[in-house]
Amino acid sequence: MSPSHFVALAVILFVIGAVGVLVRRNAMVIFMCVELMLNAVNLAFVAFARQQGNLDGQVIAFFVMVVAAAEVVVGLAILMTIFRARRSASVDEANLLKY
Amino acid sequence: MTGSLAGAAGAAPAAAHAVARAVAAPVTALPAVGVQRAAWLLLAFPMAGAAILLLGGRRTNRWGHLVGVAMPLAAFCYGVVAFIAMLGYPANQRSRVLTLFTWIHVARFDVPVGLQLDQLSICFVLLTTGVGSLIHIFAVGYMSHDPERRRFFGYMNLFVASMLLLVLADNYLVLYVGWEGVGLASYLLIGFWQYKPAAAVAAKKAFVVNRIGDAGFSVAIMLMFAVFGSVTFAGVFGQAGKAGQGVVTALGLLLLLGACGKSAQLPLQSWLLDAMEGPTPVSALIHAATMVTAGVYLIVRSGPIFDLSSNARLLVTIVGAATLLFGALISCAKDDIKKALAGSTMSQIGYMMLGAGLGPPGYPFAIALLLAHGFFKAGLFLGAGSIKHEMNDEVDMRRLGGLRTVMPITFVTFFTCYLAIIGVPPFSGFFAKDTIIDAAFGKGGTSGAILGTAALIGAGLTAFYMTRVMYMTFAGERRWDPHAHPHEVPPIMTSPMILLAIGAVVWGGYEILGDRLAHFLGPVTGFVPPEPAIFSAAGIAALVLVAAGIALGWAMYGRRPVPAVAPAAGFPVTAARRELYGDAFDEAVFMRPGQWLTRLSVYFDNRGVDGLVNTLAATVGGTSGRLRRVQTGFVRSYALSMFVGAVLLVGGALLLVRI
């Protein structure tokens, strides 16, 4: 399998994630879609690293994982708080910060 | 001022006059000693009167007028004492200065508040306090029915105090304080009946017109400070000779502008006739004892400056000659007795300015006419006041007439003053005015001939309009309002008129005996006249013209009945009735363009400056108001915009790389 297949898969995953972020209302699902996009990018990085024959892309993938882990911790905490306050995880209802 | 300075500068115009030159030794002001050390009393009395009456409020209503009369009288008594003390000194030591305190002291610039008692200022002190006191006494009767009589006397005292400060100051800055005080007091008094719109407008007009002159005077003071570093008379006159011709001429013209404002000379004459809206004693005070004489005083006092600039001096004579004809022409057609007298004042002050503009040969005569005018014009105005008082405020001479038998004392005093003003010998006006006409012809050259002729014509016109006033008021049939029941006014009003009439006569006798005033003023004006010829050629010509004027006045107003309504008249009479279109001119040339200018400025400010700023602000505000709608609060729409942005960025970057 050539790296282009991996890149194509990564693009497919990224688009699925992006569409999910845009169309879903549930914050939890949006969150998972964000993770999907991150992992799609990770896949692309690793694929390109393989193609180039160096480790840069793999190192960046590790960085992305660390950042994603930290983001999950903070993001889930916010999500919990919003759910406790509003009894709902819909992002459309948490719209007070506006004009 | 030094004698050599005056001699050098006065020589040119006086050459044709063949006069004995000034012999005065250099005059430096000595410190005041003895009784003159109390000269501050002159200011303190009327100022105290004004303070008591204006600050005391209603509780001084009952006796306020007594204080108001006593204070100028006390000042007059002290003035007489100081005058006698002055006569005790030799002629060249009569100029005394009493320095009260230092007002401004900055580095090398000093403004002491000092009172200068010399021959010139004592003349004004005696005139202001003497005639002023008589007018105050008259006003006690005239204003007896006015509920605000106390306030009136407060303002009158303020007027006298300001005028005394003006004439006693030993530097221009303190003189300016008095100058402005006179302007303020005149504003308050002209608008004393401020509930009448005409009076309020007249007061405002007097103040505004005076401001123009005051601005000129204040610039002159600034110029003195800039050039000489001093504003005292001694400092300025001492260094005037070293200054350039341009500076001296500018100073002269600016001082003339100031004098024109206060003395109602062309082109700042318009306020004087409107000022008749004030109570009649105010008119008498403004026209005889204070205000309008201030301009003449300023010119004479600043003689050393004018001596150095023949151009400035020529302009003074031109202003004087033009105004004396202007005022006389207006007087010939006015039916309002007070306005006829006001035009006459303008004309007489024109004579004084003409005299003052002639330089040292004219100064003593200008002052002589000023003092004589103080007596007879005050007498005339008080006469007009008592007529107005008895005739239910009627001032239209076409509704008067036949008052000779009804008010005999008023008639006799008025008639005496009439003889004095038209210049019938031996009354004061003859000597004072004819010497000015003589001096004008004596100036020599074309300008002298023109000025002299103007003064001669003025003498004829004076006789005509005053004869007209006499006939329309005191002779002929009674054209009164049927409700008027005039009687002679009470003694408190007649006695000042009698005293003033006596003054108008006696002052003539005083003048005739060897030019006493000119000799007395010699050390200040730097001029001692030769033995006067009582009947010079010009004097005889003036007498002929006066006789012609009287005859014309009789033919027009004595021989035939005066119509009770002013008949329609041709152009010259209409022009004179409308004050020779002075107001129309001011309105067309200054007021309307000024209004256009202000409207234009307001429009430019509203639409231009404000418009630019407001448009900018409205654009920013409107745009941001619309833009903020983008912040919907929906996270997913933010996410979409982020995606679109990212796609655009990446797409753009890719395109760039491809190209």
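A, B, ... follow the sequence lines: proteins, then strands. Residue 1 opens every chain.
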message = Checking side-chain contact (heavy atoms from CB on, under 4.5 Å) between Leu36(A) and each of Val21(A), Ile16(A), Val15(A), which is the one that passes?
response =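 Exactly one candidate clears the test, Ile16(A).
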ask   = Would you say Leu255(B) and Phe217(B) make side-chain contact, with heavy atoms under 4.5 Å?
value =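 Yes, close enough: below the 4.5 Å cut-off.
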[X] to [Y] - nearest heavy-atom pair and separation:
X	Y	result
Gly178(B)	Leu165(B)	N-CD2, 3.8 Å
Gly17(A)	Cys33(A)	O-CB, 3.4 Å
Leu254(B)	Gly216(B)	CB-O, 3.5 Å

Hey, what donor-acceptor pairs show up under 3.5 Å between chain B and chain A?
from: Gln631(B); atom 1: O; to: Tyr99(A); atom 2: N; distance (Å): 3.1
from: Arg636(B); atom 1: NE; to: Asp92(A); atom 2: OD1; distance (Å): 3.0
from: Arg636(B); atom 1: NH1; to: Leu22(A); atom 2: O; distance (Å): 3.1
from: Arg636(B); atom 1: NH1; to: Val23(A); atom 2: O; distance (Å): 3.2
from: Arg636(B); atom 1: NH2; to: Asp92(A); atom 2: OD1; distance (Å): 3.4
from: Arg636(B); atom 1: NH2; to: Asp92(A); atom 2: OD2; distance (Å): 2.6

message = For Leu22(A), which atoms come within 4.5 Å of any heavy atom of chain B: side chain, backbone, both, or neither?
response =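 The answer is both parts of Leu22(A).
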inquiry  = When you compare the side chains of Tyr155(B) and Arg151(B), does any donor N or O come within less than 3.5 Å of an acceptor on the partner?
reply    =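 Yes, because at least one side-chain N or O of Tyr155(B) sits under 3.5 Å from a partner of the opposite role on Arg151(B).
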